[in-house]
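The first residue in the sequence is number 1, and the count goes up from there. This one's a predicted model, so the numbers in the text were calculated from it and none came from an experiment.
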Amino acid sequence: MSVVVIGQIGRDLVLRTDGPPAAGESTTVLRRDELLGGKGANQAVGLAQLGVPVALIGVVGDDTAGTSVLRQAEDDGIDVSGVARRGTTALLIDIVGRPPERMLVEDVPDTSLVQVADLDAAAPLWGAADTVSIQLQQPPATALEAARRARHRGLRVVADGVPVPDVRADLLASTDVLRADAKEAALIAGRAVSTVDDATSLGHELLSCGPELVAIAVPDVGDLLVWDGGRELFEFAGVDVVDPTGAGDAFVAGLIAALRGGAGPRQAGRRAAAAASSTVQRLGGRPDLTGLAS
């Protein structure tokens with residue numbers, strides 16, 4: 001059995017500098033990496049590194065960048081038979097200056113978003129899956145259809161991001177695990193979610209809509225897991241943060257891997273937090289979770 005990840009695939013350009021240039025000046029790039037990226041791809045890479053069979057449903061361009069990132073995904077052990085090719089490959093630029101300075105620049109064409117027809121084309125992947133992870137930055141109709149199909153098959157459904165109002169009730173009713181970062185949590189709640197109590201309250205609201213487990217990032221504090229009858233805060237580790245990009249993707253990968261292994265919420269949360277902590281100590285969003293594989 002495997003995990004199917006539905007989400008963004010792109011070309012990551014990671015630049016390390018000594019800080020942003022002043023107006024009218026330039027700055028030197030100290031390090032440059034070009035690699036497979038995007039939220040869906042980063043999560044799939046993390047799962048593969050944790051020893052989880054994983055397939056990716058997404059879109060890359062019919063261009064050299066698309067060929068390159070697909071080759072990288074295959075080298076990572078990811079099944080890319082469900083990846084469509086059209087248009088131009090998404091470009092994600094991560095500029096990291098002196099910590100904690102960071103700037104993200106994205107070119108994500110509409111053609112690079114996953115459509116319902118892409119789910120149809122990747123139908124053979126669903127038969128071997130036990131878990132489907134859906135990045136909610138994809139079109140709402142796609143996310144909802146993916147969740148419904150997975151629920152119909154009895155698969156665990158993990159959703160990462162903001163369920164938009166138009167499909168929120170139906171999507172949450174078909175979701176087992178929902179994860180939101182701090183900004184996403186505020187968008188879902190329609191109010192600030194800045195404390196553990198705020199996050200706990202939101203978590204219980206979301207549990208009443210269908211999910212069995214909710215993970216919410218609390219700004220400058222940690223990741224809170226809430227479930228029926230319990231909650232646990234996993235404080236951000238006291239490590240040197242090189243680049244926060246990809247921390248959430250690694251968290252979800254760690255959470256899924258642990259839940260598939262039969263872990264309860266507390267054990268799964270510890271593994272997820274360790275994955276995120278490992279990733280923020282690296283440049284770029286690509287994780288290296290091989291040391292966490294069990």
Notebook entry, point to check: Can you check side chain to side chain contact (heavy atoms under 4.5 Å, CB included) on D243 and D94, steps first, answer last?
Noted result: CA-CA 9 Å; D243 184 357; D94 178 17; 2.4 Å; yes
Check: What's the verdict on side-chain hydrogen bond (donor to acceptor under 3.5 Å, both in side chains) for S68 and R11, showing C-alpha distance, side-chain angles and the deciding distance?
Finding: CA-CA 9 Å; S68 177; R11 173 188 170 212; over 6 Å; no
Next item on the list: Enter the distance from E145:CD to S174:OG here, rounded to the nearest 0.5 Å.
Entry: 10.0 Å
Notebook entry, point to check: With a 4.0 Å cut-off, would you call D288 and R286 a salt bridge?
Noted result: no
Next item on the list: State whether the number of non-hydrogen atoms from other residues, nucleotides or ligands found under 6.0 Å of D75 atom CG is greater than 12.
Entry: yes
Check: Given the rule in the side-chain hydrogen bond (donor to acceptor under 3.5 Å, both in side chains) test, do T67 and R85 qualify, once you have shown the distances and angles that lead to the verdict?
Finding: CA-CA 9 Å; T67 300; R85 300 199 66 172; 3.0 Å; yes
Notebook entry, point to check: Any link between V54 and V60 through a network of hydrophobic side chains (Ile, Leu, Val, Met, Phe, Trp, Tyr) touching at under 4.5 Å?
Noted result: yes
Note to self: Less than 4.0 angstrom from a charged side-chain N to a carboxylate O is my criterion; do D120 and R149 meet it?
What the structure shows: yes
Next item on the list: Kindly give the heavy-atom pair with the smallest separation between I9 and V83, and that separation in Å.
Entry: CD1-CG2, 3.7 Å
Check: Given the rule in the side chain to side chain contact (heavy atoms under 4.5 Å, CB included) test, do T17 and T28 qualify, once you have shown the distances and angles that lead to the verdict?
Finding: CA-CA 6 Å; T17 72; T28 300; over 6 Å; no
Item checked: Residue pair V14 / L283: nearest heavy atoms and the distance that separates them -> CG1-CG, 3.6 Å
Notebook entry, point to check: Could you state the interatomic distance from OG1 (T279) to CZ (F251), rounded to the nearest 0.5 Å?
Noted result: 12.0 Å
Next item on the list: Would you check, one step at a time, whether the test side chain to side chain contact (heavy atoms under 4.5 Å, CB included) holds for L207 with V226?
Entry: CA-CA 8 Å; L207 289 177; V226 184; 3.8 Å; yes
Next item on the list: Assess whether side-chain hydrogen bond (donor to acceptor under 3.5 Å, both in side chains) is satisfied between Q43 and S133, documenting all intermediate values.
Entry: CA-CA 9 Å; Q43 190 182 117; S133 180; 2.5 Å; yes
Check: Quick one: which of D12, V45, L70 gives a side chain to side chain contact (heavy atoms under 4.5 Å, CB included) with L36?
Finding: V45
Note to self: Applying side chain to side chain contact (heavy atoms under 4.5 Å, CB included) to R16 and V29, what does each step give before you reach the verdict?
What the structure shows: CA-CA 6 Å; R16 178 63 187 269; V29 173; over 6 Å; no
Next item on the list: Take atom CG of D228 as the centre, draw a 6.0 Å sphere, and report whether it contains more than 12 heavy atoms from other residues, nucleotides or ligands.
Entry: no
Note to self: Measuring from atom CG of L56 to atom OG of S81, what distance do you get when rounded to the nearest 0.5 angstrom?
What the structure shows: 10.0 Å
Checklist line | Over 12 non-hydrogen atoms of neighbours within 6.0 angstrom of CD in E106 | finding: yes
Item checked: By salt bridge (charged side-chain N to carboxylate O under 4.0 Å, His left out) - contacts of R260 (at least two apart) -> D130
Next item on the list: Taking only Lys NZ, Arg NE, NH1 and NH2, and the carboxylate oxygens of Asp or Glu, determine whether R156 and D176 approach each other closer than 4.0 Å.
Entry: no
Next item on the list: State plainly whether the residues R86 and D63 are in salt-bridge range, i.e. N to O under 4.0 Å.
Entry: no
Notebook entry, point to check: If you group Ile, Leu, Val, Met, Phe, Trp and Tyr by side-chain heavy-atom gaps below 4.5 Å, do L255 and L178 land in one group?
Noted result: no
Notebook entry, point to check: Would D249 and K39 pass as an ion pair if we require N to O under 4.0 Å?
Noted result: yes
Notebook entry, point to check: With no hydrogens and no angle check, do the side chains of D197 and T195 hold a donor and an acceptor under 3.5 Å apart?
Noted result: no
Next item on the list: Compare every heavy atom of G37 with every heavy atom of A41, then report the nearest pair and how far apart it is.
Entry: CB-O, 3.2 Å
